[in-house]
> 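Dumping the structure here so I can ask a few things about it.
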Amino acid sequence: MDELSAEARILAAIRAIPRGQVAGYGEVARRAGLPGRARLVARILSGNADTALPWHRVLRSDGRIALPENSRGWHEQVQRLRAEGVRVERGRVRVAKPAADLDAALWGPRR
DNA sequence: TACTTGACATAAG
DNA sequence: ACTTATGCCAAGT
């Protein structure tokens with residue numbers, strides 16, 4: 001019954017990722033109110049045909065592109081990401097290091 | 001029902 | 001930073 005709504009919420013969560021930004025599968029699931037369903041997000045994307053959907057902004061939690069390296073989809077994802085200014089190196093996007101930033105803020109120079 | 005598969009995540013070594 | 005082992009969940013056989 002709510003199979004459709006689950007998919008709808010996931011699609012909405014993906015559409016909500018701002019241009020030039022990325023999000024992990026698990027992250028998308030959480031934002032859709034479906035914690036623990038990262039694989040459901042992957043399932044939906046694997047079957048998606050909507051080119052307007054910003055599917056390219058969804059990556060693995062480690063910042064790597066989920067599709068098989070050098071596959072057609074892989075190349076397209078890299079291109080789409082770079083087209084919006086996202087730096088992609090060796091099939092992966094720079095992952096944020098909040099701990100380091102926090103650490104610097106709390107324990108940095110003169111503190 | 002039992003087993004396999006997949007655009008995953010996380011902890012350990 | 002990279003690889004392996006486990007856990008996970010929904011669908012397909």
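Just so we're clear, the structure is a prediction, and the values are computed from it rather than from any experiment. Just so it is clear: chains get the letters A, B, ... in the order the sequence lines come, proteins before strands, and each one is counted from 1.
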> Hey, are the side chains of Leu81(A) and Leu59(A) touching, using non-hydrogen atoms and a 4.5 Å cut-off?
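The answer is yes; the side chains approach within 4.5 Å.
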> Heavy atoms only: give me the nearest Trp74(A)-Leu67(A) pair and the separation to one decimal.
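Shortest heavy-atom separation between Trp74(A) and Leu67(A) comes out as CD1-O, 3.6 Å.
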> Between atom CZ in Arg37(A) and atom P in dA11(C), what is the gap in whole Å?
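One finds 11 Å between P of dA11(C) and CZ of Arg37(A), rounded.
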> Please give the stem ranges for DNA chain C, sorted by first residue number, where a stem is three or more consecutive Watson-Crick or G-U pairs and both donor-acceptor distances are under 3.5 Å.
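As far as DNA chain C goes, consecutive pairing (with distances under 3.5 Å) yields the stems B:2-6 with C:9-13, B:8-13 with C:2-7.
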> Mind running side chain to side chain contact (heavy atoms under 4.5 Å, CB included) on Leu34(A) and Val41(A) for me, showing each step along the way?
CA-CA 10 Å; Leu34(A) 302 166; Val41(A) 174; over 6 Å; no
> Taking atom CZ of Arg9(A) and atom OG of Ser5(A), what is their separation to the nearest 0.5 Å?
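Going from the CZ atom of Arg9(A) to the OG atom of Ser5(A) covers 5.0 Å.
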> Roughly how far, to the nearest 0.5 Å, is CD1 of Ile10(A) from CG of Leu40(A)?
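Rounded to the nearest 0.5 Å, the CG-CD1 separation comes out at 4.0 Å.
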> Nearest whole Å is fine: how far is dA11(C) P from Leu40(A) CG?
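Going from Leu40(A) (CG) to dA11(C) (P), I get 7 Å.
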> Set out, line by line, the N/O atom pairs under 3.5 Å between protein and nucleotides 11-13 of chain B.
none

> Contact between Ile65(A) and Arg92(A) at the side-chain level, heavy atoms closer than 4.5 Å - yes or no?
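Of all side-chain heavy-atom pairs linking Arg92(A) with Ile65(A), none is under 4.5 Å.
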> Atom CD of residue position Glu76(A) - does it have more than 12 heavy atoms of other residues, nucleotides or ligands inside 6.0 Å?
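Correct, the count exceeds 12.
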> What integer distance in Å separates Ile44(A):CD1 from dA10(C):P?
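These atoms are roughly 11 Å apart.
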> Sequence neighbours left out, cut at 3.5 Å: what donor-acceptor pairs do the side chains of residues 15-29 of chain A make with other protein atoms?
{"from": "Glu27(A)", "atom 1": "OE1", "to": "Gly24(A)", "atom 2": "N", "distance (Å)": "3.1"}
{"from": "Glu27(A)", "atom 1": "OE2", "to": "Arg31(A)", "atom 2": "NH2", "distance (Å)": "2.5"}

> Just the rounded figure in Å: distance from P of dC8(B) to CG of Leu45(A).
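Going from CG in Leu45(A) over to P in dC8(B) covers 10 Å.
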> Please work out if Trp74(A) contacts a base, only the sugar-phosphate, or nothing of the nucleic acid, heavy-atom cut-off 4.0 Å.
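No contact.
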> Residues two or more places apart in sequence or in another chain: which of them pass salt bridge (charged side-chain N to carboxylate O under 4.0 Å, His left out) with Arg94(A)?
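Arg94(A) satisfies salt bridge (charged side-chain N to carboxylate O under 4.0 Å, His left out) with no other residue.
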> Heavy atom of residues 59-70 of chain A under 4.0 Å from DNA chain B: which residues?
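Here the set is Arg60(A), Ser61(A), Ala66(A), Leu67(A).
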> Take atom OH of Tyr25(A) and atom P of dG6(B), then tell me their distance rounded to the nearest Å.
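In whole Å, dG6(B) P and Tyr25(A) OH are 14 Å from each other.
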> Between the protein and nucleotides 4-8 of chain C, which nitrogen or oxygen pairs come in under 3.5 angstrom?
{"from": "dC8(C)", "atom 1": "O2", "to": "Arg39(A)", "atom 2": "NH1", "distance (Å)": "3.4"}
{"from": "dC8(C)", "atom 1": "N3", "to": "Arg39(A)", "atom 2": "NH1", "distance (Å)": "3.4"}

> Using the C1' atom in both, what is the distance from dC8(C) to dG6(B), to the nearest Å?
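Nearest-Å result for dC8(C) against dG6(B) at atom C1': 12 Å.
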> Do any of residues 82-94 of chain A sit with a heavy atom less than 4.0 Å from DNA chain C, and if so which?
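Close to the strand are Arg90(A), Arg92(A).
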> Going by salt bridge (Lys or Arg N to Asp or Glu O under 4.0 Å), name the pairs with one or both residues in residues 59-68 of chain A, residues two or more places apart or in two chains.
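Qualifying pairs, neighbours excluded: Arg64(A)-Glu69(A).
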> With sequence neighbours left out, write down each residue that passes side chain to side chain contact (heavy atoms under 4.5 Å, CB included) with Ser61(A), or none if nothing qualifies.
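For Ser61(A) there are no side chain to side chain contact (heavy atoms under 4.5 Å, CB included) partners, ignoring immediate neighbours.
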> Run the side chain to side chain contact (heavy atoms under 4.5 Å, CB included) test against Glu89(A) and tell me which residues pass, sequence neighbours left out.
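Glu89(A) satisfies side chain to side chain contact (heavy atoms under 4.5 Å, CB included) with Arg87(A) once adjacent residues are dropped.
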> Restricting to pairs with a member in residues 41-51 of chain A, which pass side chain to side chain donor-acceptor pair (under 3.5 Å), not counting sequence neighbours?
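Applying side chain to side chain donor-acceptor pair (under 3.5 Å) to every pair that reaches into residues 41-51 of chain A, excluding sequence neighbours, yields nothing.
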> Tell me, please, which residues at least two apart from Arg57(A) pass side chain to side chain donor-acceptor pair (under 3.5 Å).
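If we apply the side chain to side chain donor-acceptor pair (under 3.5 Å) test to Arg57(A), skipping adjacent residues, the hits are Glu84(A).
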